[in-house]
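Read the structure below first, then the notes.
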Amino acid sequence: MTVEELIALRRQFHQIPEIGFKETKTQQLILDQLEPLMKEYWSIKLWRTGVIVYVAGSDPKQTLAYRTDIDGLPIEENSGIEEYASTHKGMMHACGHDFHMTIAIGILSQYSAHQPKDNLVFIFQPAEEGPGGAEPMLAEGVLKEWWPDQIMALHIAPELPVGTVSTREGLLFANTSELFIDLKGKGGHAAYPHTARDMVVAASHFVTQLQTIVARNLNPLDSGVVTIGVIQGGTKQNIIAETARVEGTIRSLSIESMNEIKHRIEAIAKGIEASFECELTIDYGSNYCQVANHPKLTQEYMDFAEADSEVTFIEAPAAMTGEDFGYFLEQIPGFMFWLGVDSPYGLHDARLNPDERALAQAVSHVTSYLNWKMKK
Ligand SMILES: CC(=O)N[C@@H](CCC[C@H](N)C(=O)O)C(=O)O
């Protein structure tokens with residue numbers, strides 16, 4: 001595919017963001033793109049809203065996989081780009097999955113023109129932002145007949161310049177858990193607080209107390225995050241709220257600290273129940289295991305990237321982002337790397353505007369890596 005075709009395709013994906021397991025138009029667009037590339041050595045399988053492409057090698061000794069996520073986020077786009085902004089109100093590709101998919105199709109187009117020596121598997125995975133597609137996909141045995149020996153994935157990095165790739169051995173992304181808490185008290189007239197149990201006040205104390213967990217309970221040499229992204233409660237300014245809801249996410253560098261954070265959240269919730277005479281119900285939603293890069297394969301990739309004159313390699317620090325690609329890495333050796341896309345606005349920001357020059361650069365870099373792996 002030419003640079004112009006890659007950019008046009010990314011813009012098409014960008015216009016139709018869909019949230020987890022609702023990616024029906026996205027799935028159709030992927031299939032429409034694959035159709036003219038199809039060869040007799042290709043097979044395609046659907047799984048829910050995902051797509052898996054198997055490219056049989058001419059003289060296979062191994063099976064190499066590349067995974068891309070396909071879902072968007074519930075964010076109202078504010079990028080200021082009129083030409084190809086999201087046409088789905090309240091939804092946006094604000095985490096680069098439009099880039100990830102386009103790059104996957106760009107790489108596949110290379111193996112439509114030439115049959116690879118080894119087998120390749122391309123996984124277009126739904127619901128990365130939640131509730132998680134990787135874990136059920138693996139549990140349902142979707143990859144069983146095409147089981148890879150190695151897997152890779154990339155993620156756009158707005159803070160890195162185009163032409164930069166970055167990763168590290170071992171832990172790249174954190175363990176994550178969603179957090180949903182419902183508070184139930186007693187509503188009433190604003191003028192009679194003594195007759196009610198105010199859940200706006202209870203939720204405010206709860207959110208404030210959560211801030212002590214990382215500061216006071218985790219070992220300072222360890223690290224964690226408790227972020228509350230949503231707080232809702234009440235119906236009118238002069239009515240005491242009977243219920244409230246708090247939504248957030250927890251991040252940790254180990255399972256032990258994840259358990260410790262959850263234990264502290266539960267203890268604080270009990271304290272709020274006692275002090276505000278209310279009920280708190282905790283739901284941890286979906287949990288993702290850490291993204292742990294395979295030491296030997298990552299080192300091999302980093303050596304390759306350092307020698308590739310088309311990119312600049314930078315060693316990455318571990319990040320508190322989460323990714324259900326970690327579930328693939330639990331079962332298949334491999335790695336994830338960051339791809340520089342140079343945007344002043346970060347991931348999950350309504351103004352995210354990645355530099356499209358990164359598309360062709362990534363297609364070329366990953367294809368060179370796969371070809372190099374197949375020659376070894
Ligand atoms: C790369 C990235 O931004 N990933 C998301 C993953 C979401 C995990 C889960 N739904 C949660 O909110 O805990 C991230 O927020 O890091």
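Owing to the predicted nature of the structure, the values given are computational and were not obtained by experimental measurement. When a ligand or atom number is given, it counts from 1 through the structure's own listing order. Atoms considered below: every heavy atom in the structure, side chains included; atoms not considered: hydrogens, waters and symmetry mates.
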task: Identify, by atom number and element, the atoms of ligand 1 in contact range of Tyr288, meaning under 4.0 Å from any of its heavy atoms.
output: 8 (C)
- request: Just jot down the ligand 1 atoms closer than 4.0 angstrom to any heavy atom of Thr249, in number order.
  value: 11 (C), 12 (O), 13 (O)
- line: For Phe304, the ring pair (Phe, Tyr, Trp, His ring centres under 6.0 Å) test, sequence neighbours excluded, returns His365, Tyr369, Trp372
- request: Check whether any N or O atom of Ser286, backbone or side chain, sits under 3.5 Å from an N or O atom of ligand 1, and answer yes or no.
  value: no
query: At a non-hydrogen distance cut-off of under 4.0 Å, which region of His155 contacts ligand 1 (side chain, backbone, both, or neither)?
result: side chain
- prompt: Should the pair Arg48 and Phe21 be classed as cation-pi, given the thresholds of under 6.0 Å to the six-membered ring centre and 45° from the axis?
  reply: yes
message: Please check whether Gly322 reaches ligand 1 - meaning an N/O of the residue sits under 3.5 Å from an N/O of the ligand, judged on distance alone.
response: yes
Aromatic contact, Phe173 with Trp338 (centres under 6.0 Å): yes
task: Would you tell me which option among Glu128, His348, Met320, Glu178 has the nearest heavy-atom contact to atom 3 (O) of ligand 1?
output: His348
field: Region of Cys95 that comes within reach of ligand 1 [heavy atoms, distance under 4.0 Å]
entry: side chain
query: If you draw the axis of the six-membered ring of Tyr54, does the NZ or CZ of Lys45 fall within 45° of it and under 6.0 Å from the ring centre?
result: no
message: For ligand 1 and Arg251, I'd like to know whether there is a polar contact (N/O to N/O, distance under 3.5 Å).
response: yes
message: Is it the case that atom NZ in Lys22 sees more than 12 heavy atoms from other parts of the structure closer than 6.0 Å?
response: no
